[in-house]
Amino acid sequence: MEFRWQLALGDDPLTEEEMDTLAEAHRPVVRLRDEWVLVDPELVRRARRRDLGLLDPVDALSLALTGQGEIDGEQIDVVPTGTLARLRDRLTAELAPVAPPAGLHATLRDYQLRGLAWLDLMTSLGLGGVLADDMGLGKTVTLIALHLHRDRAAPTLVVCPASLLGNWQREIERFAPGLPVRRYHGAGRSLDGTGGFVLTTYGTLRTSAPALAAHEWGLVVADEAQHANNPRSATARALRSLPSPARVALTGTPVENNLSELWALLDWTTPGLLGPLKTFRARHARAVETGQDQQAAQRLARLVRPFLLRRKKTDPGIAPELPRKTETDHPVPLGREQAALYQAVVREALLRIEQTEGIARRGLVMKLLSALKQICNHPAQYLKEAAPGLTVRSGKLELLDELLDVILAEGGAVLVFTQYVQMARLIERHLTRRDIPTQLLHGGTPVAAREAMVDRFQRGDAPVFLLSLKAAGTGLNLTRAGHVVHYDRWWNPAVEEQATDRAHRIGQTQPVQVHRLITEGTVEERIDDLLSAKRALADTVLASGEAALTELTDAELADLVSLRRPA
């Protein structure tokens, strides 16, 4: 797509000779068409270099989709014609229906059929896409249907967290029986005679990228693709090294903290669409995240909409069969020991922070926030006690006991999420002393043990499942749970919602009750207020989470963390 400047005098375009006259002008007044014309020096510069060369095809497509573009510092209205217009129309038109493929042993819901049609369009055009449906809406079965629909000889490579290998294999064997599937993971792994699906992990991808890149793939899929949303990480670099005619990213949270993560996903599925990251930050992300430009979010949405399909459980007609979800915040008072620790830590930390600047100050703020959250959980966690006494020291643990007594008396099952493995171990020890059957899953749990734990919970053998939020917040299917407890708060509501979706997902038949434990008068209560506002804006703006709090002034920080008496 070639681009050049064309200047005009009034409504009449200048000829090439007149453009040359203008380009050679060294004075602000030029004789054109028998009249003297006052000329902006910037126009002279553009006349001199009016042939700006070729636009990259992806840049041209970006301009066609948004209808506007910035060229040489100027906002230009864009009207595509010819092949480019036809491509734009294909991407924005109503999707043609696609029949469920032969060999699929599943009945796809209407929204899943639309997802299949969209994926088929994007992959057939070689553009790729991000399927960003809410957790639990059946992205896996939709992708299996896409593989069967494409009917290519080359296999599909799925890269996912280790905890999801078993889930992928079970789903493929269930919905496409007879289709070859193998795990490329662990000792003795091989790609010889590969067909159908090959499943590997992000960890294996980092260590075996050359071997995987040397193989021919018909489709590469990144599941829980937020694991690769840092474009400079080894994971993202390894993922980019895999050649494929089509790429699909699956994620329930295309943006966890900031819009650079969205750029990373789309730049993998459709390289070049959003331009260089620095340009994207300047042109789109900063204006959207700060709210300075009210139209910025709409412009960005027009650009990314064809390449990202996002459906929520709350959308009309998406999942009407899902049972009700009720969310309850439980205010919890601090115990006497917790309050004394909290005030002492705040007093000492603020004094040090006031005397520090730059990176060192940000580090101290992060350390303070982590310490306060641990104190709110339980004094034993903050004090790192080897053999702690746990009872009557934490308002949260006392409330958890009360909730579990009611849930278990009714024959229910519960997921308990915490971001701290140490706190999960303390709860596990406490519940074991109470003879409550429980199990703990965290980042260090082996893949085979994870799968066994999921099966045990689903059978009802262990009604209390303790889970590390980071390790178990995605991918697991735990529909036996009718209750979800967030023992401590994460800084991003989307991450908490993903964790809740382990229970509130397709296949769930009972109402799900979500319990959030929040200590009164503490930083947790103020963060909860911030998260409520953030959730309301999550579709357009997601700030940078915990890191943003390190930029507070000393006075603002003191107001955030100071202990207040409940009203």
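Just so it is clear, the values below take in all heavy atoms, side chains as well, and ignore hydrogens, waters and symmetry mates. Start at 1 with the first residue, then count along the sequence. This one's a predicted model, so the numbers in the text were calculated from it and none came from an experiment.
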According to side-chain hydrogen bond (donor to acceptor under 3.5 Å, both in side chains), who are the partners of Asp488, at least two apart in sequence or on a separate chain?
Asn377, Thr418

Shortest non-hydrogen contact from [X] to [Y]?
X	Y	answer
Asp501	His504	OD1-O, 3.5 Å
Lys373	Tyr420	CE-OH, 3.5 Å
Arg189	Thr207	NH2-OG1, 3.9 Å
Ala228	Ala264	O-CB, 4.2 Å
Ala209	Ala238	CB-CB, 4.0 Å
Pro101	Leu116	CD-CD2, 4.1 Å

Using atom types as modelled and distance alone, determine if a side-chain donor or acceptor of [X] lies under 3.5 Å from a backbone N or O of [Y].
X	Y	result
Gln458	Thr479	yes
Arg450	Leu164	no
Gln508	Ala481	yes
Arg516	Glu327	no
Gln381	His378	no
Arg502	Leu478	no
Asn229	Gln226	yes
Thr432	Glu428	yes
Trp217	Leu212	yes
Gln510	Arg480	yes

In residues 154-161, what donor-acceptor pairs under 3.5 Å come from side-chain atoms, sequence neighbours left out?
residue: Thr156; atom: OG1; partner: His147; partner atom: ND1; Å: 2.7

Hey, mind stepping through Asn167 and Leu476 against side chain to side chain contact (heavy atoms under 4.5 Å, CB included) and telling me if it holds?
CA-CA 8 Å; Asn167 184 67; Leu476 299 179; over 6 Å; no

For [X], look at atom [atom1] and say whether over 12 heavy atoms of other residues, nucleotides or ligands are found less than 6.0 Å away.
X	atom1	answer
Arg434	CZ	yes
Tyr382	OH	no
Arg459	CZ	yes

Say whether Ser233 and His227, considering side chains only, have a donor N or O and an acceptor N or O under 3.5 Å apart.
no

Give a yes-or-no answer on whether the side chains of Ser370 and Gln374 include a donor-acceptor pair shorter than 3.5 Å.
yes

Do the ring planes of Phe465 and Phe457 sit parallel (below 30°), tilted (30 to 60°) or perpendicular (above 60°)?
tilted

Can you classify the ring geometry of Trp168 versus Phe197 as parallel (below 30°), tilted (30 to 60°) or perpendicular (above 60°)?
tilted

Are [X] and [Y] close enough for a salt bridge, meaning some N to O gap below 4.0 Å?
X	Y	answer
Asp133	Arg311	yes
Glu524	Lys396	yes
Glu385	Arg429	no

Any residue meeting side-chain contact (heavy atoms from CB on, under 4.5 Å) with Ala211, in chain and number order, not counting sequence neighbours:
Tyr184

Close side-chain approach of [X] and [Y], heavy atoms under 4.5 Å:
X	Y	result
Thr201	Val447	no
Met122	Leu91	yes
Asp267	Leu277	no

Pair Leu250-Thr142, side chain to side chain contact (heavy atoms under 4.5 Å, CB included): steps then yes or no:
CA-CA 11 Å; Leu250 305 178; Thr142 305; over 6 Å; no

